[in-house]
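Accompanying notes for the structure given below.
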Amino acid sequence: MELSQLNTHQVHDFARFHAEAAALANGCRTVQVTGRQTRLTVDGKTAQANSRRLPGSPWQLSASHPVVDDAVAVIFVDLTGTEPDFYIAPAQWVREDVKGQFANWLESRGGTRPRNPDSDHAGVELDRIRQWHRRWGVLAAGT
């Protein structure tokens, strides 16, 4: 896919609408794009959608608040191939994983982030979420 002409907001919208269609195609009854840039309502539950568009790049999250409070799942939308691909992880798993990885990363650097000590920017690499590839049942479970 060629997404270089889209701005960040347009990429987020593109990803959410593809996640909406894929969720419906994979057994969810109702899906709506709602609220802020990252939210979907899936069968009455909130899911957060995050996207990446550059091959080899991680998904970008905040280490202190990686998932919106009311989300039951995170849909990682991979826009780096010819078709969108999806990784659906439980929200609590993502919260714990991102915070734990960030803490370990900071510790490996002496406890302070180099170049920008105030940033809590965190990346989620594909290898960390590979187990959640096309796991649409996570949305139904709501855990």
Side-chain angles (χ1 to χ4, degrees), residues 1 3 6-143:
M1 288 178 290
L3 303 174
L6 301 180
N7 67 38
T8 302
H9 295 291
Q10 290 169 325
V11 170
H12 286 308
D13 285 342
F14 182 85
R16 283 197 308 167
F17 286 112
H18 278 278
E20 175 186 26
L24 288 168
N26 285 281
C28 297
R29 293 181 312 276
T30 62
V31 184
Q32 295 177 310
V33 172
T34 57
R36 297 186 180 179
Q37 292 182 346
T38 61
R39 294 187 187 187
L40 295 171
T41 301
V42 181
D43 294 336
K45 297 173 259 183
T46 300
Q48 176 175 309
N50 288 84
S51 62
R52 71 174 190 160
R53 65 174 155 177
L54 299 174
S57 66
W59 283 267
Q60 309 294 321
L61 301 170
S62 162
S64 62
H65 199 93
V67 182
V68 296
D69 291 336
D70 57 343
V72 299
V74 176
I75 303 170
F76 291 95
V77 184
D78 189 348
L79 301 173
T80 65
T82 57
E83 303 273 332
D85 205 359
F86 306 93
Y87 299 82
I88 304 91
Q92 191 57 38
W93 182 90
V94 174
R95 287 180 189 102
E96 292 169 5
D97 179 74
V98 169
K99 288 178 181 184
Q101 289 288 331
F102 187 73
N104 291 341
W105 182 82
L106 271 184
E107 184 178 316
S108 75
R109 282 150 180 81
T112 303
R113 185 182 189 105
R115 293 192 306 196
N116 189 356
D118 296 328
S119 175
D120 77 339
H121 170 86
V124 176
E125 300 290 341
L126 178 59
D127 285 345
R128 290 193 3 232
I129 60 169
R130 196 175 301 279
Q131 67 181 315
W132 303 108
H133 188 236
R134 299 184 185 168
R135 299 272 301 273
W136 295 102
V138 168
L139 292 167
T143 59

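Numbers for residues simply follow the sequence, beginning at 1.
Using a 4.5 Å heavy-atom cutoff, the side chains of Trp93 and Val67 are not in contact.
Taking the six-membered ring where tryptophan is involved, the planes of His133 and Tyr87 are tilted, since the angle between them lies from 30° to 60°. Using a 30° and 60° split on the angle between ring planes, Trp59 and Phe76 fall in the perpendicular class, above 60°.
Within 6.0 Å of CZ on Arg29 lie no more than 12 heavy atoms contributed by other residues, nucleotides or ligands. The number of heavy-atom neighbours closer than 6.0 Å to CD of Glu107, taken from other residues, nucleotides and ligands shown, is 12 or below.
Summarising the geometry of Val138 relative to Ala89, their closest heavy-atom pair is CG1-C, 3.8 Å, with the distance given to 0.1 Å. Here the shortest heavy-atom pairing between Ala19 and Trp136 reads O-CH2, 4.1 Å. Considering all non-hydrogen atoms of both residues, Ser62 and Val98 come closest at O-CG1, 4.2 Å. Here the closest heavy-atom approach between residue Lys99 and residue Ala63 is recorded as CG-O, 3.2 Å. Between His12 and Ser51, the shortest heavy-atom contact is ND1-OG, 3.8 Å. Here the shortest heavy-atom pairing between Pro84 and His18 reads CG-ND1, 3.5 Å.
Atoms CG and CZ, from Asn26 and Arg135 in turn, are 13.0 Å apart once rounded to the nearest 0.5 Å. The distance from the CG atom of Asp43 to the SG atom of Cys28 is 5.0 Å, given to the nearest 0.5 Å. The distance from atom CG of Asp97 to atom CZ of Phe102, rounded to the nearest 0.5 Å, is 13.5 Å. The distance from atom CD of Gln101 to atom CG of Leu61, rounded to the nearest 0.5 Å, is 12.0 Å. Separating the CZ atom in Phe17 from the CG atom in Leu40 is a distance of 9.0 Å, to the nearest 0.5 Å. The line from CD1 of Ile75 to CZ of Arg39 is 13.5 Å long, rounded to the nearest 0.5 Å.
With hydrogens and angles ignored, the 3.5 Å screen pairs no side-chain donor or acceptor of Lys45 with any backbone N or O of Asp70. Of the possible polar contacts, one joining the Arg95 side chain to the Val68 backbone as a donor-acceptor pair under 3.5 Å is found. Between the side chain of Arg53 and the backbone N or O of Val11, no donor-acceptor pair lies under 3.5 Å. Side-chain atoms of Glu96 do not come within 3.5 Å of backbone N or O of Val94 as any donor-acceptor pair. Judged by distance alone, the side chain of Gln48 and the main-chain N or O of Pro66 form a donor-acceptor pair under 3.5 Å.
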Show, in sequence, the C-alpha distance, side-chain angles and deciding distance for Thr80 and Arg52, and conclude whether the side-chain contact (heavy atoms from CB on, under 4.5 Å) test is met.
CA-CA 7 Å; Thr80 65; Arg52 71 174 190 160; 3.9 Å; yes
Show, in sequence, the C-alpha distance, side-chain angles and deciding distance for Arg134 and Asp85, and conclude whether the salt bridge (Lys or Arg N to Asp or Glu O under 4.0 Å) test is met.
CA-CA 8 Å; Arg134 299 184 185 168; Asp85 205 359; 3.0 Å; yes
